[in-house]
J.: 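The structure under discussion is supplied below as structure tokens; questions concerning it will follow.
Quick note on labels: first sequence line is chain A, next is B, and so on, each numbered from 1.
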Amino acid sequence: MRDRVNDFAFKIATVNGTGSASANDLIRKGIFRMGIPVSGKNLFPSNIQGLPTWYEIRVNRDGHTARTPDFDVVVAMNPATYARDVAEVRRGGWLVHDSTWPLARELARDDVTFLGVPLARMCGEHFAGSRERILLKNIAYAGVLSALFDMELPVLDALLEETYGRKKGLLDSNRQALRLGRDYAQQNFDCPLPVRMERMDATADHILIDGNTAAALGCVYAGATVAAWYPITPSTSLVDAFTKFTKKMRKDPETGLGRVAVVQAEDELAAVGMVIGASWVGARAFTATAGPGISLMSEFIGLGYYAEIPAVIFDVQRTGPSTGMPTRTQQGDLLMCAYASHGDTKHILLIPGDPAECFEFAVAAFDLAERFQTPVFVLSDLDIGMNDWMIPRLRWDDSYRPDRGKVLTAEQLEGMAKFSRYTDADGDGIAARTVPGVHPKGAFFTRGSGHNKNGAYTEDAAEYAEVMVRLARKIDSAAAHVPAPEVRMIPGASVGIVSVGGCHRAVLEAVERLAARGVAADYLRVRGFPFAPAVAEFLAAHDRVFVVEQNRDGQLGHLISLETGVPRRALEPIGTFGGMPLSARDVVDQVLAALGIAAETETVIDQPEMVPA
Amino acid sequence: MRDRVNDFAFKIATVNGTGSASANDLIRKGIFRMGIPVSGKNLFPSNIQGLPTWYEIRVNRDGHTARTPDFDVVVAMNPATYARDVAEVRRGGWLVHDSTWPLARELARDDVTFLGVPLARMCGEHFAGSRERILLKNIAYAGVLSALFDMELPVLDALLEETYGRKKGLLDSNRQALRLGRDYAQQNFDCPLPVRMERMDATADHILIDGNTAAALGCVYAGATVAAWYPITPSTSLVDAFTKFTKKMRKDPETGLGRVAVVQAEDELAAVGMVIGASWVGARAFTATAGPGISLMSEFIGLGYYAEIPAVIFDVQRTGPSTGMPTRTQQGDLLMCAYASHGDTKHILLIPGDPAECFEFAVAAFDLAERFQTPVFVLSDLDIGMNDWMIPRLRWDDSYRPDRGKVLTAEQLEGMAKFSRYTDADGDGIAARTVPGVHPKGAFFTRGSGHNKNGAYTEDAAEYAEVMVRLARKIDSAAAHVPAPEVRMIPGASVGIVSVGGCHRAVLEAVERLAARGVAADYLRVRGFPFAPAVAEFLAAHDRVFVVEQNRDGQLGHLISLETGVPRRALEPIGTFGGMPLSARDVVDQVLAALGIAAETETVIDQPEMVPA
Amino acid sequence: MTYIAKPKVRHPKLPVNILGLTARDYEGAMSTLCAGCGHDSVTAAIVQAVFELGIEPHRIAKLSGIGCSSKTPAYFVQQAHGFNSVHGRMPAIATGASAANRDLVYLGVSGDGDSLSIGLGQLCHAIRRNVNMLYLIENNGVYGLTKGQFSASADVGSKAKRGEENVQPPIDPVLLALTLGATFVARGFSGDKAQLVPILKAGMQHRGLALVDIISPCVTFNDHEGSTKSYLHTREHAQPVVIADFVPHAREITAEYAPGSVRAVTLHDGSVVNFRKVAEDYDPTDRDGAHAYLMERQRAGEVATGLLYIDPAAADMNATLGSVHRPLVDLSFTDLCPGDAALQALQDTYR
Amino acid sequence: MTYIAKPKVRHPKLPVNILGLTARDYEGAMSTLCAGCGHDSVTAAIVQAVFELGIEPHRIAKLSGIGCSSKTPAYFVQQAHGFNSVHGRMPAIATGASAANRDLVYLGVSGDGDSLSIGLGQLCHAIRRNVNMLYLIENNGVYGLTKGQFSASADVGSKAKRGEENVQPPIDPVLLALTLGATFVARGFSGDKAQLVPILKAGMQHRGLALVDIISPCVTFNDHEGSTKSYLHTREHAQPVVIADFVPHAREITAEYAPGSVRAVTLHDGSVVNFRKVAEDYDPTDRDGAHAYLMERQRAGEVATGLLYIDPAAADMNATLGSVHRPLVDLSFTDLCPGDAALQALQDTYR
Ligand SMILES: Cc1ncc(C[n+]2csc(CCOP(=O)(O)OP(=O)(O)O)c2C)c(N)n1
Ligand SMILES: Cc1ncc(C[n+]2csc(CCOP(=O)(O)OP(=O)(O)O)c2C)c(N)n1
Ligand code: SF4
Ligand code: SF4
Ligand SMILES: [Mg+2]
Ligand SMILES: [Mg+2]
């Protein structure tokens, strides 16, 4: 097999709660520090300890960091999943396993090289304490991989130094465990493998960060002061990060008190209610949740829409419906969020494609929520939110000032004859609002019941409808203000691909691969809803359009069809919805199949295709 | 003005809490008993006492009972709304008012005949007690109308007899009040007016009933044993009726106990949870609510869909969003109910067009919920649910037996090797279920978290997707079992009209009137979702299709476009959403306008048109 | 119709408060409730309390859920911002608002259905957080706005208008609040304004959640014979336990009581509540004692009223959240945004 | 993975119950909880209790919400129907199920997050309705499944793993239940199976809602020094107040107590609970007394355990609903459908 330098993938199978995370981080960060583009996908179970968990790492010199289902090397540390893990090694690949105990014969595969390392035995001999042995066994396999892939030891040592610097004892045992694995591999296998690494300079000015952390930073920088939430995977780490950041960055120098309020609510109904209450008095407030939380928030979302109160809601999507698979990803809440709550409603959605956009769109969400005086959703997903992605360093424009929209000051109110809350004075569908406590003239009665343009209670059809018609205009006008779609045209393209959110990197790679197969595809990535005109234009410009998304029913296709008028069937569904991050191969194979061209490889069994709408 | 016998409309303006309901019922029932088709629309405020309320009565020999906005006679009993009420009299019409006090000069209209009756003075002279005087003033105006319209006194006397039979004193005072008004009118005006009544025989074998009462009857007849609810207008009277009926019809002869359980829950989340719990153990259970309740039920609805548990949910729609106008009608929950809850879901909807179908569909809802093991919505609305409609007598087929769907008996389970809850044994997408307590072999773990076809917990993409794909198939297969659309073709029709629910009678009338204007229109009324193939066929057969519905955004149009593939813009929105029941004129005028033909009359001011999608 | 404001003719002889405003200036829109509804009397008591306290109208935030009771914020202090939110969720709105702007006076009005059925969870957690607000439950034992169903506060044996008896034990917001650690618990009666006004004033000055359960009869659906929430029944069974006189911090405490007969409790802002005992050795600062006493009174069929428990020292939510003393809404953006330099420094740790 | 059932090798020497089943027959799938989790001990106690009571496995309905604790129904009585519903809403499911089929044995397992935060309202109302079920709260002071946030039962001053202290007063389900009129209230400790088993048995035989708050430490997130819900802290502060011995109606009551030392309470089905007092003159049938005593113990930092209160006579939900004695699910359609004749007669009144 010819060398494949800086272009391969491997997978580590362990048991959760055994501390493999630190070993996997060590490897991933080591690769990143060697200047090589890298990505990691953590496939963990919805429990705390003792169940199978996998960590997938992809190394790609061209910067393709989407998930790939083709594993050159698998490290099988969990006997419970041996069979499955062995089966996942690609033909001609390698399986690393703990040879302390013999491997069951039925697992043998003659198209795979088995690399046995007596990890348990070695750690047993060199370390005391069962817990320590278990933990260090992970560092030991990291050492094995470092040898197999020819990783730079100093880089790994430096990382251990940074992690355990102060804790001398831990540092030593980790360095030793790393060397145990590394030395054993170098002595017993001919290292490096054909799949190996060579230093590059492709990660300078980049960082490795997950979307929830980036979104939390965005909230800090946007000036959010109130966060109300209820824990739920995969959104919990967003508020955790916000709390951590504000403890440092929002501490009042004199008193040591916080310029922030993080309220752990009793449930999601209360959480979003608190956000609406805080926004009502003029704060920038947000909540973060997942699908089940949005369902519970539905009534309040309708209140926010109709009473025109800003609110920022992060929905870090997980696999639904119901409790579903809390630790698997999906894009299954698009349709619900777009029209959440009873009656006629429509909501602004921002859909980031990576952690960089989680940061950027978090800031945009507060601006849009205040400008349009309405709840705004940031629709992230578990893959973006909880996995570390490689992105260019985040920049902040210090001249940025919040767009508070039309909020009347005491001075403005003082000068007014009479304040009318819901009158469209400027003809842009947006009426000026007031904040409680600012000025007596600004007082009015906020209500979710029928009201006329003065905010007065009404049961009159015409008065009610006048407000509702303006609301429709207001939300539609947001199309020009949500993040514009990202469009990539290829000269002479024959088909168009539309996608969204976390599918982005897989689609980018797929477009390249399709071109290699003679299929030139233009690409548009939706980033906001209501859709900018560019979306309809893109559709009009292509007679075949594939819509790539990760849900069963093609919810993005639904929204596009409804809002642009393009027939639903003209939008051909592509994607998977089984909970795994999308891979380029999923896209390529399904597009080729649709075009009647032979697939480039067999499709992976675990990624079922979508049900055509 | 030429006589208009049995073809006119009048409106009575009063204050709620003053007991005008009994007078209005007397009139309406009187007309019905004279064999003349009649309908009444009660426009009441969302409070208990002291605000304006209107009662509209339409008399129509051709059986058109939709609301009409053209009032030949208005009875203005509420000074607070005089101006508005006077303005509502159609040119050449009559205004009846209490002449005890002089009418403000500025209210005068020379194209209207003012009929002053000293109602307060007469009642003051003849009756003691302020409360009694207020109440009887209403019966007095009923008397006035009976004279103006030439109603048969014996019929009215009989009705009073039935109501107050036992209460002699009340009966006498009511009879006297009726005559006070009637005699005054006969002595002072030339009765009858050109708009008058003549006995017919068009109401035999019909009844006057509201949809909530009919739906409650349906639940009783379908064998529902558990009702869990939380009060909310306009659905409250459905459960009230169910309670009333079961007190009589479900009383155990020996013990006097009830063969039913009606649980007033603490909120809607609990209500639907109780329904799911009761259905889980094998009962036929339902809840009734309005939009805000559905929003709150969203999470549980997703559980019912994914865990495949039957549930029947009546949504008596009112004007949204949020609290909206609780005492006004709308069809604003179609979209939400069709795809309620996060993740990929789709739900069965039954949409009755009148109280008769409320009865019929209530029964069907339980059969479908059990057959397809999923939540089923009956989408009624305030107009159907709370107003008395004239419908043919309800019939019950005593040979009916509930369709319990695939529920395994103890015997069947005994004979089984192993029960697998979610395996599609029959290939129809429906897996057999078991009921707790029946047999040990039937035991399994119901869960809203990821599960495979055996009901076992899973986080495996393929296992998860297998179940989800079957669910999609299962729900789509219901299209053949929901009530088929009602289709009325006219030879040589040029356009097609699609409508739903309470719009039905207005559209029927509109189709006639359009024909008179030279516009032949075919008509299809959707009665269930997912849509039967007939819907797509109808659309395909017409190059212009108008969709008549009562919401702002054209939600039915949205659903049809998504599910049939017809471009959204090909479905031209027609209708109103201000909370008033639809009138034929709304439809005729908007269709004519769309066709570029002059309207037959000016459109009513208080019925704003829909925002084109 | 709430937008018909009453004519505000200034009567020269009307008394004015420290702000120079008259009671009229604290009135609201015309009530749309039934004539005689207890809620309207509570509204009147609120108007008097805020007038006497001399609070700037626009510094008051009026909050409610849904119900007849929840409509009442429209009927007082026209110049205060109001929020008629959704059913049972007012506590969450108040919690978020208070977290964002701790300087407004939060006045929440709810009903027994709004707070003890759909909103029970939120009420309990607002009490637990000790959100700084006055929380009124206008308690009539029924759902008025939906035409008279029993609420969770209906007493066992109480009869509905149509005759059926309530069979489920009632939830007593006072006992519940004491058990949950509430820091200010009172019960009043809409028919006893003299007792109610000082309680409302003390409640508004109390730092923390002041829960006042007010028996407020529904004349239309629950004021008949056999109802235990009727005017008659309440008049006959209401028993003041303590009499609380409120002395604003402004005024000097005048020794108008016989020594020993009074227990003075000082609130955060320096105002004082003087408790005159009615029941023997009832101590409004002893939570356990109060709870035991009230349980016993309840069993005896009595409705104990008064400012029943107070703990002026407890930390309110703003304190436990550790937020700065300045309202968060008043912080400038520069106080909130760390800037690019900090962002770059932070990101060095993400490599 | 819950679907890996353990091998059920029949050991000839294993004791059998009245149904001839062994304890093994009441076990469930393999637990996926952390090694040492208190919840697994509660599971073991449940297995022993139902085994000893000799309940037919398939007549048990196991219900839960969401959480580590809510996962446990998968780990006992494999042959019982289970329902792992949604977070905090198990009470509603149980209420509806019980209304429809009153003859099943309802066993609900919840957590402190599931029942005291998101589910608090439903818990309170299930208690109020006295739904006939055993309701267990596996109380560890944290949200285990979401990695250790404080729950509403966390004590003031209790330290989180990362060190920060909880500042909000805890909601004590035992005091709450007593205040709400619960008819069976107990507190146990996952580490004391001997005390727990008879309580569970009595709870299952009790007609009405039997609430058992079980301190069940979370070894992963709340078993450290400074936590008041750790094994160590609970062992040191748990104080049995009464010792309850359960005597099934089947068995003769053997006079194994010194006269006067015991108070016997008979349940609906004839089984008896013998209370042996530990605390002087503690009366488990005196609600007010129990509440006062427990509040005082709590203030003293003690965790009072035992079957703390029982009222075997109160009507359960099925009784208050006035439903027939036969389970509604067992009624034949002809018992439910009035038929066309009745429909026609009725409609004569709609003309
Ligand atoms: C989500 C929701 N459910 C139900 C209703 C209907 N509803 C309006 S008010 C009310 C109860 C009000 O009772 P209470 O809080 O005691 O107020 P009261 O009218 O008795 O003063 C209900 C159930 C609603 N508005 N929203
Ligand atoms: C609607 C909803 N919100 C949030 C969650 C996330 N969640 C799962 S378990 C849990 C808390 C569990 O705590 P507890 O009930 O105490 O159980 P424990 O794990 O501590 O045993 C939460 C918040 C969810 N599953 N559903
Ligand atoms: S119904 Fe009852 S609560 Fe509502 S306004 Fe009338 S009297 Fe008051
Ligand atoms: S996290 Fe805590 S509660 Fe959950 S299983 Fe582990 S020890 Fe038990
Ligand atoms: Mg009430
Ligand atoms: Mg817990």
Side-chain angles (χ1 to χ4, degrees), chain A residues 45-46 291-292 294-296 298-299 302-303 305-307 319-328 330 332-333 335-336 339 341-346 447-450 459-462 464-465 468-469 472 551-553 555 558 561-562 565-569 577-580 605-608 611, chain B residues 45-46 291-292 294-296 298-299 302-303 305-307 319-328 330 332-333 335-336 339 341-346 447-450 459-462 464-465 468-469 472 551-553 558 561-562 565-569 577-580 605-608 611 613:
Chain A
S46 177
I294 303 291
S295 284
L296 288 170
S298 296
E299 188 195 20
L303 173 69
Y305 171 84
Y306 189 43
T319 306
S322 194
T323 301
M325 300 195 289
T327 60
R328 294 290 183 263
Q330 201 175 60
D333 301 342
L335 195 57
M336 170 180 59
Y339 307 112
S341 206
H342 58 282
D344 290 300
T345 68
K346 194 195 284 189
R447 46 165 63 87
S449 48
E459 290 174 359
D460 177 83
Y464 157 83
M468 286 297 288
V469 169
N551 55 63
R552 183 192 65 183
D553 297 338
Q555 299 186 20
H558 280 9
S561 172
L562 283 182
V566 171
R568 184 63 186 90
R569 294 211 184 77
F577 64 96
M580 305 294 253
I605 40 84
D606 70 353
Q607 292 290 301
V611 183
Chain B
S46 176
I294 303 291
S295 285
L296 288 170
S298 296
E299 188 195 19
L303 173 69
Y305 171 84
Y306 189 42
T319 306
S322 196
T323 301
M325 299 195 290
T327 60
R328 294 291 182 263
Q330 202 175 59
D333 301 343
L335 194 57
M336 170 179 60
Y339 307 112
S341 205
H342 58 282
D344 291 300
T345 68
K346 194 195 282 186
R447 46 164 65 86
S449 48
E459 290 174 0
D460 178 82
Y464 157 83
M468 286 297 289
V469 170
N551 55 63
R552 184 192 65 184
D553 297 339
H558 280 8
S561 172
L562 283 183
V566 171
R568 183 62 185 90
R569 293 209 187 79
F577 65 96
M580 306 294 256
I605 41 84
D606 70 353
Q607 292 290 302
V611 182

J.: Keeping R552(B) on the side-chain end and M468(A) on the backbone end, is there a donor-acceptor pair under 3.5 Å?
T.: yes
J.: Would you check if the side chain of H342(B) reaches a backbone N or O of I294(A) as a donor-acceptor pair within less than 3.5 Å?
T.: no
J.: Ignoring hydrogens and angles, tell me if any N or O in the side chain of D344(B) forms a donor-acceptor pair with the backbone of N551(A) under 3.5 Å.
T.: no
J.: Give me the atom names and distance for the closest heavy-atom approach of Y464(A) to P321(B).
T.: OH-CD, 4.3 Å
J.: Counting heavy-atom pairs under 4.5 Å to chain A, which of P45(B), G302(B), P292(B) comes out on top?
T.: P292(B)
J.: Rounded to the nearest 0.5 Å, how far does CG of L296(A) lie from CG of L296(B)?
T.: 8.5 Å
J.: If we ignore hydrogens and angles and just use 3.5 Å, is the side chain of S295(A) paired with the main-chain N or O of S341(B) as donor and acceptor?
T.: no
J.: Looking at R328(A) and E459(B), what are the two nearest heavy atoms and their distance?
T.: NE-O, 3.4 Å
J.: For S46(A), which atoms come within 4.5 Å of any heavy atom of chain B: side chain, backbone, both, or neither?
T.: both
J.: Which of the residues A307(B), G320(B), S449(B) is involved in the greatest number of heavy-atom pairs with chain A at under 4.5 angstrom?
T.: S449(B)
J.: Give me the atom names and distance for the closest heavy-atom approach of P567(A) to P567(B).
T.: CG-CG, 3.8 Å
J.: Just how far is it from atom OH of Y339(A) to atom OH of Y339(B), taken to the nearest 0.5 Å?
T.: 10.0 Å
J.: Select one option (side chain, backbone, both, neither) describing which atoms of Q330(A) are under 4.5 Å from chain B's heavy atoms.
T.: side chain
J.: So, taking the atom named OG in S298(B) and the one named CE in M336(A), what distance separates them when rounded to the nearest 0.5 Å?
T.: 8.0 Å
